[in-house]
There are 2 protein chains.
Amino acid sequence: MKSFKFEVLISLKKGILDPQGSATEKVLKRLNYPVNSVRFGKNIELTVNEETEEKALKIVNEIADKLLSNPVLEKYEIKLLSTEVLA
Amino acid sequence: MKSFKFEVLISLKKGILDPQGSATEKVLKRLNYPVNSVRFGKNIELTVNEETEEKALKIVNEIADKLLSNPVLEKYEIKLLSTEVLA
């Protein structure tokens with residue numbers, strides 16, 4: 001049995017309005033920062049115990065798709081951060 | 001003049017309670033997912049127009065430190081995603 005640590009990066013799809021991002025951009029511009037575009041997203045670190053990386057990745061894909069992200073507005077990327085063998 | 005696209009990854013410092021993460025973990029466990037720990041963070045993509053990468057990075061560091069993160073609870077990482085030469 002192994003412990004797999006994944007990072008799920010959830011961001012808004014292109015063209016979807018990001019009110020938080022545009023509000024932040026306005027403030028930064030008013031403070032004279034040479035900022036052009038600001039987009040907010042979520043990143044979730046989660047650890048899954050499974051026998052193989054493949055099984056663990058399948059589970060994280062299902063969690064990201066069904067529970068963590070809104071498929072209408074958001075897209076997600078999954079990265080494996082680390083693997084640990086459990087005694 | 002160049003356009004630098006950065007990603008600022010903001011996460012809670014170790015030991016800081018993550019209510020959103022623990023609530024999500026409980027739900028995932030109840031749904032029988034073999035999940036161990038869940039931590040939420042923010043990722044912000046922002047584009048800065050500057051002459052050099054060094055100047056742009058200095059600005060993003062200042063923005064991340066002073067405006068985007070709470071230094072008491074959060075830590076941040078900055079990654080350069082892409083560079084574009086402006087006409």
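All values below were derived from every heavy atom in this structure, side-chain atoms included, with hydrogens, water molecules and symmetry-related copies excluded. Only a predicted model underlies this, so the values are computations on that prediction, with no experimental measurement involved. Sequence lines set the chain letters: A, B, ... in the order given, protein chains first and strands last, and positions in each chain run from 1.
There is a path of hydrophobic side-chain contacts, each under 4.5 Å, that joins B/Val60 to A/Val35. Both B/Leu57 and B/Tyr76 belong to a common hydrophobic cluster when Ile, Leu, Val, Met, Phe, Trp and Tyr are linked at side-chain heavy-atom distances under 4.5 angstrom.
Within the 4.5 angstrom heavy-atom criterion, only side-chain atoms of A/Leu67, from C-beta onward, approach chain B. In this structure, the portion of A/Ile10 lying under 4.5 Å from any heavy atom of chain B is its backbone and not its side chain. Of the two parts of A/Glu45, the backbone and the side chain both hold a non-hydrogen atom closer than 4.5 Å to a non-hydrogen atom of chain B.
Per-residue counts of heavy-atom pairs under 4.5 Å with chain A were compared for B/Lys5, B/Gln20, B/Arg39; the largest is that of B/Arg39. Comparing B/Val27, B/Leu31, B/Asn36 by how many heavy-atom pairs each has under 4.5 Å with chain A, the most go to B/Asn36. Note on B/Phe6, B/Tyr33, B/Phe40: by heavy-atom pairs under 4.5 Å with chain A, the leading option is B/Tyr33. For the set A/Leu68, A/Ile59, A/Asn43, the entry with the most heavy-atom pairs within less than 4.5 Å of chain B is A/Asn43. Of the listed residues B/Val48, B/Leu28, B/Asn49, the one with more heavy-atom pairs under 4.5 angstrom with chain A than any other is B/Asn49.
Scanning for side chain to side chain donor-acceptor pair (under 3.5 Å) contacts around A/Thr24 gives an empty result, with sequence neighbours left out.
Residues B/Leu46 and A/Val38 come closest through the heavy atom pair CB-CG2, 4.2 Å.
The number of heavy atoms from other shown groups lying within 6.0 Å of NZ (A/Lys58) does not exceed 12. Within a 6.0 Å sphere centred on NZ of A/Lys26, other residues, nucleotides and ligands contribute 12 heavy atoms or fewer. Counted within 6.0 Å of NZ on A/Lys29, heavy atoms from surrounding residues, nucleotides or ligands total more than 12; the atom is thus considered enclosed.
The salt bridge (Lys or Arg N to Asp or Glu O under 4.0 Å) analysis of residues 68-87 of chain A, with sequence neighbours excluded, yields the pairs A/Glu7-A/Lys79, A/Lys42-A/Glu74.
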